[in-house]
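Here is the structure we will look at, set down as structure tokens.
Small disclaimer: the values here were computed from a predicted structure and weren't measured.
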Amino acid sequence: MCGRYASSRRPEDLLEEFEVVDDRVPAPLEPDYNVAPTKDVYAVLERVRQDVEEPGAAQRQLRVLRWGLVPSWAKDPAIGSRMINARRETVAEKPAFRRALAARRCLLPADGYYEWYPTSQLTKAGKPRKQPFYIRPRDGGVLAMAGLYEIWRDPDRAEDDPDRFRWTCTVITTAAEDDLGHLHDRMPMMVGRDRWSDWLDPTAPRESVLDLLEPAAPGRLEAYPVSAAVGNVRNNGAALTEPLPLEEVVT
């Protein structure tokens with residue numbers, strides 16, 4: 001699964017990287033090296049707008065969404081904390097995700113993400129002690145994680161309340177590639193740059209969009225152990241992504 005990731009790029013850099021034409025970020029997010037569920041994150045998506053020169057045309061937007069998808073039909077938004085990931089194998093069938101897959105797809109930019117590897121050492125409770133690893137592109141580029149988003153209306157807020165709509169998202173995951181499978185059996189799905197437009201197109205047939213998803217190419221990502229401090233969401237900063245000295249690595 002993908003339960004923590006790093007996102008430190010500035011919105012202006014993302015606007016250029018993803019060729020965004022409509023900046024919907026009200027205020028820049030602070031660089032976050034320990035993004036956890038229910039936090040606000042950047043998302044790239046396309047929306048069909050009627051107030052533009054070409055009515056019906058989709059415009060690419062950069063928005064701030066909350067991580068943890070709340071389906072439009074949900075009674076309680078707290079369900080979002082359990083909807084941080086959608087499995088590639090079942091995303092088209094699950095009621096929580098299938099509507100979003102049809103028309104509300106997005107890209108979630110990341111510097112890299114974290115996974116925890118169970119070691120041979122045991123905790124006091126007798127469970128394997130886990131060593132966190134940071135996984136990132138070898139070339140330092142951005143990860144475009146495949147995501148879905150939803151818009152949930154709060155029935156307790158007035159019609160003219162600007163906060164009556166909650167925008168949320170989830171990360172689509174798949175079986176990990178061989179290079180990373182020894183760390184964890186799941187990993188985020190990636191969308192190649194040449195497929196961004198097709199993935200984001202809200203009018204694309206649902207039957208075809210899953211073919212656009214792909215695991216990261218073998219060898220594109222690198223993984224190395226990092227400090228256990230990343231396990232506490234209160235900890236943050238670039239030091240969390242720094243390689244851990246070999247003598248401190250739990251094996």
Single-linkage hydrophobic cluster [X]~[Y], side-chain heavy atoms < 4.5 angstrom:
X: Y149; Y: V41; answer: no
X: V191; Y: L108; answer: no
X: M189; Y: V142; answer: yes
X: L148; Y: L200; answer: yes
X: L101; Y: I79; answer: yes

Smallest separation among heavy atoms of [X] and [Y], with atom names:
X: V35; Y: D32; answer: N-OD1, 3.4 Å
X: A228; Y: P132; answer: CA-CG, 3.8 Å
X: V233; Y: A36; answer: CG2-CB, 3.5 Å
X: V64; Y: D40; answer: CG1-CB, 3.6 Å
X: P118; Y: K130; answer: CA-CG, 4.0 Å
X: T38; Y: R66; answer: O-CG, 3.4 Å

If the threshold is 4.0 Å, N to carboxylate O, is there a salt bridge linking [X] and [Y]?
X: D198; Y: R195; value: no
X: D154; Y: R166; value: no
X: E93; Y: R99; value: no
X: E159; Y: R153; value: yes
X: E17; Y: R193; value: yes
X: D111; Y: R9; value: yes

Strictly distance-based, threshold 3.5 Å: is any side-chain N or O of [X] a donor or acceptor partner for the main-chain N or O of [Y]?
X: T170; Y: I84; answer: yes
X: T123; Y: K127; answer: yes
X: R4; Y: V230; answer: yes
X: W199; Y: C106; answer: yes
X: T119; Y: R129; answer: yes
X: Q131; Y: V250; answer: yes
X: T168; Y: V70; answer: yes
X: S120; Y: T251; answer: yes

### Task
Return each pair, listed once, that meets ring pair (Phe, Tyr, Trp, His ring centres under 6.0 Å) where at least one residue sits in residues 57-102; pairs must be two or more places apart or across chains.
Y5-W67
#### Entry: K39 atom NZ: more than 12 heavy-atom contacts under 6.0 Å
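Check passes, neighbour count above 12.
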### Query
More than 12 heavy atoms of other residues, nucleotides or ligands under 6.0 Å from CD of E248: is that the case?
yes
Please tell me if the side chains of [X] and [Y] come closer than 4.5 Å, counting only heavy atoms from C-beta onward.
X: L62; Y: P11; value: yes
X: R47; Y: P202; value: no
X: V209; Y: D201; value: no
X: L143; Y: P188; value: no
X: S7; Y: Y113; value: no
X: M190; Y: I172; value: no
X: R60; Y: L45; value: no

Nearest 0.5 Å, please: how far is [atom2] in [Y] from [atom1] in [X]?
X: Y224; Y: E242; atom1: OH; atom2: CD; result: 6.5 Å
X: M145; Y: C169; atom1: CE; atom2: SG; result: 8.5 Å
X: M83; Y: L69; atom1: CE; atom2: CG; result: 7.5 Å

### Query
Between N34 and N235, is any side-chain donor less than 3.5 angstrom from a side-chain acceptor?
no
### Task
Assess the side chains of T174 and R87: does a donor N or O sit below 3.5 Å from an acceptor N or O?
no
### Message
If you apply the rule side-chain contact (heavy atoms from CB on, under 4.5 Å), what do you find for E46 with Q61, and how did you get there?
### Response
CA-CA 6 Å; E46 291 189 359; Q61 302 176 349; over 6 Å; no
#### Entry: CA sep, side-chain torsions, deciding dist, call: E150, R98, salt bridge (Lys or Arg N to Asp or Glu O under 4.0 Å)
CA-CA 11 Å; E150 271 288 10; R98 61 190 181 197; over 6 Å; no
### Query
Does W167 have R63 sitting over its ring (NZ/CZ under 6.0 Å from centre, angle to axis within 45°)?
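Ring-cation test returns yes.
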### Message
So that I know where these two stand, are F133 and W116 an aromatic pair - ring centroids less than 6.0 Å apart?
### Response
no
### Message
Run the ring-ring contact (aromatic ring centres under 6.0 Å, His included) test on F18 and W196 for me, step by step, so that the C-alpha distance in whole Å, both residues' side-chain angles and the decisive distance to 0.1 Å come before the verdict.
### Response
CA-CA 8 Å; F18 290 90; W196 287 355; 4.4 Å; yes
### Task
Take E89 and T173 through the side-chain contact (heavy atoms from CB on, under 4.5 Å) test and state the conclusion after the steps.
CA-CA 9 Å; E89 298 86 346; T173 66; 5.8 Å; no
